[in-house]
Amino acid sequence: MFCIGLASFGVLAWALRKGIALDRALDPGDIVFMSVFAIFGSFCVFMAWHLFRSPSTLEGFPEQGAPAPPRRRVTLSNACSTAGVILLVLSALLPEHWYPVVPLFVGIALLAVSHVLTPCEERLEKLRKARASVQL
């Protein structure tokens, strides 16, 4: 997650360099575009730092199988994915003059954060176990 945040800051630096090299003044769309990368990069770096500083997630789990992700992480992942989907739908419904690119990028960013917090492999494993228990 920390690398995603750093990559976002890299794209922000590149966009800022290109924006300064333009022969015109920056318009509100350019500023919104760059601020999305700044906010997303800050959020990813903050979340990575917060997860790095939290106690080990392996404590308190039995050693029989793969440990389940902590509830806090799953709850945060579910919140990020829900907000991301809502923002993606909102970006499709907003008129053009309201700059729907902001909810689009923020929605995609939140979905990426959700997948970093709880990868799809864990969710697929839960679905396989649920299907196996129903079939038996």
Side-chain angles (χ1 to χ4, degrees):
M1 185 175 295
F2 187 72
C3 292
I4 293 172
L6 290 180
S8 179
F9 283 127
V11 171
L12 172 66
W14 174 80
L16 189 59
R17 182 175 169 253
K18 289 291 185 180
I20 291 173
L22 293 175
D23 292 336
R24 61 175 173 79
L26 294 177
D27 63 352
D30 297 334
I31 294 170
V32 166
F33 178 77
M34 287 187 266
S35 65
V36 166
F37 283 107
I39 292 168
F40 177 63
S42 301
F43 177 75
C44 285
V45 169
F46 172 75
M47 289 302 296
W49 181 254
H50 183 68
L51 290 174
F52 177 73
R53 299 280 300 173
S54 67
S56 175
T57 59
L58 299 178
E59 295 174 5
F61 289 106
E63 294 188 21
Q64 295 171 350
R71 289 181 189 216
R72 185 172 164 192
R73 181 187 289 186
V74 172
T75 304
L76 184 62
S77 174
N78 289 340
C80 286
S81 63
T82 302
V85 170
I86 290 171
L87 287 172
L88 286 176
V89 171
L90 183 66
S91 70
L93 299 175
L94 288 176
E96 183 180 332
H97 65 278
W98 284 10
Y99 296 107
V101 72
V102 174
L104 176 70
F105 280 136
V106 173
I108 291 171
L110 286 172
L111 288 174
V113 168
S114 171
H115 283 286
V116 168
L117 290 174
T118 54
C120 290
E121 296 168 6
E122 295 171 356
R123 293 181 187 183
L124 290 174
E125 187 63 31
K126 286 181 183 179
L127 288 173
R128 285 187 201 121
K129 287 180 182 178
R131 267 194 210 152
S133 67
V134 170
Q135 291 176 354
L136 295 176

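Since the structure is predicted, the reported quantities are computational estimates derived from the model, not experimental observations.
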* **Smallest separation among heavy atoms of C80 and V113, with atom names** =>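 So the two residues come closest at SG-CG1, 4.0 Å.
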* **Where P95 and P100 come nearest, the two heavy atoms and their spacing** =>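 P95 and P100 have their closest heavy atoms at O-CD, 3.7 Å.
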* Would you sort out whether L94 and Y99 count as a side chain to side chain contact (heavy atoms under 4.5 Å, CB included), showing the intermediate values? => CA-CA 8 Å; L94 288 176; Y99 296 107; over 6 Å; no
Distance check, rounded to the nearest 0.5 Å: [X] atom [atom1] versus [Y] atom [atom2]?
| X | Y | atom1 | atom2 | answer |
| --- | --- | --- | --- | --- |
| L110 | S81 | CG | OG | 9.0 Å |
| F46 | F2 | CZ | CZ | 13.5 Å |
| L6 | L12 | CG | CG | 12.0 Å |
| I108 | L104 | CD1 | CG | 4.0 Å |
| L117 | M47 | CG | CE | 5.5 Å |
| H115 | I4 | NE2 | CD1 | 11.0 Å |

* Pairs meeting criterion side-chain hydrogen bond (donor to acceptor under 3.5 Å, both in side chains) with involvement of residues 30-41, two or more places apart ->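 Counting only pairs at least two positions apart or across chains, the side-chain hydrogen bond (donor to acceptor under 3.5 Å, both in side chains) contacts touching residues 30-41 are R24-D30.
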Using the rule that Ile, Leu, Val, Met, Phe, Trp and Tyr join whenever any side-chain heavy atoms are under 4.5 Å apart, tell me whether [X] and [Y] fall into a single cluster.
| X | Y | result |
| --- | --- | --- |
| V106 | I31 | yes |
| W98 | I86 | no |
| I39 | M34 | no |
| F33 | L88 | no |
| L16 | F105 | yes |

* Would you say the side-chain atoms of S8 pair up with the backbone N or O of F37, donor to acceptor, closer than 3.5 Å? ->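 Yes.
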